[in-house]
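Comments concern the structure below.
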Protein chains: 2
Amino acid sequence: MSAEATMSAEETAVPADPGSARWWAERSVADRRRRPRAGGLSTERIVETSLEVLREEGLEALTVRSVAERLGTSNASLYRHIASRDELIALIADHVMGDIRLKRTGRGWRVDVEALMLEMRRVILSQPLPPSAGRSQSGSGPNMLRLVEFALTLFREAGLTDRQAVYTTITMIEFVGGSTSIRRSPAGRGSNGVAGAAGAAGLRQLLDGLPADDFPALGAAGNLYTAASADDVFTHGMALFLDGVTSQLPGSQ
Amino acid sequence: MSAEATMSAEETAVPADPGSARWWAERSVADRRRRPRAGGLSTERIVETSLEVLREEGLEALTVRSVAERLGTSNASLYRHIASRDELIALIADHVMGDIRLKRTGRGWRVDVEALMLEMRRVILSQPLPPSAGRSQSGSGPNMLRLVEFALTLFREAGLTDRQAVYTTITMIEFVGGSTSIRRSPAGRGSNGVAGAAGAAGLRQLLDGLPADDFPALGAAGNLYTAASADDVFTHGMALFLDGVTSQLPGSQ
DNA sequence: ACCTGAACACCGTTCAAGT
DNA sequence: ACCTGAACACCGTTCAAGT
């Protein structure tokens with residue numbers, strides 16, 4: 001009864017944060033009572049066009065105005081389908097996650113989880129939205145739920161308890177998200193190919209300016225720190241994670 | 001020689017991305033030739049005032065204009081100390097990391113690393129900048145380098161090779177960063193206390209709307225997924241990480 | 001019912017002109 | 001050398017008025 005009161009209050013209360021679970025829930029309800037016209041605007045067309053803008057001009061150029069212009073309408077028209085720019089970004093963030101392919105190899109949970117993590121990383125890095133912009137807003141979208149369902153299945157079959165499977169799934173998503181958002185050398189639009197090299201040179205320059213006495217470990221391992229590639233670090237971190245999961249399985253003494 | 005050419009070219013080439021290693025390096029050079037006046041503006045005063053704005057009104061209210069007004073100067077004056085709003089955010093992001101206390105317990109590497117991770121999480125969550133905004137721009141700042149030095153020391157003393165210590169340190173930072181930026185139920189400024197409860201209710205509502213046949217695992221573990229607290233998930237993920245590190249130590253067969 | 005021109009209330013950033 | 005008024009070129013969002 002009090003649960004029901006909570007449910008119905010959600011419609012009228014403070015508007016839900018774009019990308020939050022409640023926002024996705026309310027949006028799917030609102031979508032059902034929508035009656036689209038042929039040839040008219042639609043959320044999908046808006047998202048598709050937004051991706052074009054992002055790919056060609058980057059996040060800062062993604063304005064309600066630029067998307068409307070590309071669609072040949074007034075910017076005010078978009079507000080019939082999205083309530084704010086933040087909602088647009090939330091929709092894009094989950095839409096892009098739809099590119100993640102979920103498949104079993106038949107060679108055991110560890111191989112499958114590893115493949116899933118690599119696939120997540122590939123999609124997050126190749127998508128035109130900066131990882132930092134999309135991540136916090138995509139966690140509860142339909143495509144992410146699909147991924148959660150898949151990961152839960154893998155971990156349960158591996159032998160984890162339901163509770164362990166849930167926690168491990170969330171941890172996996174957080175880890176992949178974290179490892180894709182830091183350290184992409186010069187993030188953003190002005191991406192000339194020199195990115196990686198410039199990043200390493202800048203780091204070298206930074207370490208050289210440090211007082212050696214205060215940073216003995218960085219002095220000793222600095223070259224490795226400078227040279228560490230994001231791919232290698234991810235591979236290492238993924239192994240740590242998988243080893244950790246293995247140590248939680250019933251069989252492992 | 002070609003290395004020297006690279007170094008000197010960096011001053012004149014494309015401006016460095018705020019928060020990137022090169023940006024921090026160039027900034028520390030520029031800072032040395034600055035000659036501040038008594039009672040005048042300074043980067044520190046600007047950062048301090050920005051934190052006030054953030055604490056009281058949130059990220060969207062943090063404008064060059066609002067900071068200038070609070071300082072009693074023209075907004076144009078800030079551009080003598082920062083080149084853009086993004087630079088301001090990068091400075092804030094690292095400044096806040098200075099609150100992270102680095103200390104040894106004397107009870108072994110695992111206890112120390114665990115304390116460090118909890119301390120990072122505490123500071124990142126209590127700082128007024130949304131984790132997603134600060135993270136990608138703080139990785140190479142002076143306070144983060146201090147933390148890297150400390151973590152490298154712990155992992156080297158634990159028995160990891162320099163290469164393993166470097167990769168493990170980066171992985172740790174990425175993991176803590178990732179786990180703090182997803183799933184803070186309704187991120188942002190409108191934070192009333194009901195945050196967590198509303199987030200759980202929204203998630204419940206979302207799962208209830210799912211076709212049960214397509215989501216068997218979520219159907220079975222849905223309650224656990226809805227109820228999982230961010231703290232518990234972090235504790236679990238941290239254990240996975242530490243178990244993974246343990247399995248890489250020389251002693252572990 | 002849908003769409004949109006025009007306006008509102010802002011932004012970040014620049015620069016010529018002041019002290 | 002430092003500071004700043006005023007302007008430039010934008011934003012997201014709203015809403016009355018149209019079809």
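Because the structure is predicted, anything quoted here is derived from the model rather than measured. Below, read A as the first sequence line, B as the second, and so on, with proteins coming before strands; counting in each chain starts at 1.
What you find for A/A25 and B/Q205 is that their closest heavy atoms are CB-CD, 3.8 Å. Heavy-atom minimum distance, A/S140 versus A/G19: CB-O, 4.2 Å. Here the closest non-hydrogen pair linking B/T226 and B/A200 is CG2-O, 3.3 Å.
We find that CG of A/L62 is positioned 15 Å from C1' of D/dC10, with the value rounded to whole Å. If you measure from atom CZ of B/R65 to atom P of D/dT4, you get 15 Å, rounded to the nearest angstrom.
Within the 4.5 Å cutoff, no side-chain heavy atoms of A/L147 are placed close to those of A/M97. Counting only heavy atoms from C-beta outward, the side chains of A/D17 and A/W23 never approach each other to under 4.5 Å. Here the side chains of B/L145 and B/W24 are not in contact, with every heavy-atom distance at 4.5 Å or above.
Comparing C/dA9 with D/dA9, their P atoms sit 22 Å apart, to the nearest whole Å.
Under a 3.5 Å cut-off, the side chain of B/E119 and the backbone N or O of B/I100 do not form any donor-acceptor pair. Remark: side-chain polar atoms of A/E174 are not paired, donor with acceptor, to backbone N or O of B/G178 under 3.5 angstrom.
Taking a 4.0 Å limit (strictly below) on heavy-atom distances, residues 81-90 of chain A does not reach DNA chain C anywhere. Only B/N75, B/A76, B/Y79, listed by number, bring a heavy atom of residues 66-80 of chain B to less than 4.0 angstrom from any atom of DNA chain C.
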Exercise. Which string of ( ) [ ] | and . matches DNA chain C, if you list each base 5' to 3' and count Watson-Crick or G-U pairs only when both distances are under 3.5 Å?
Worked result: ||.|||||...|||||.||
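Salt bridge annotation for B/R45-B/E48: absent, with no cationic side-chain nitrogen under 4.0 angstrom from a carboxylate oxygen. Looking at A/R121 and A/D231, a side-chain N of the basic residue comes within less than 4.0 Å of a carboxylate O on the acidic one, giving a salt bridge.
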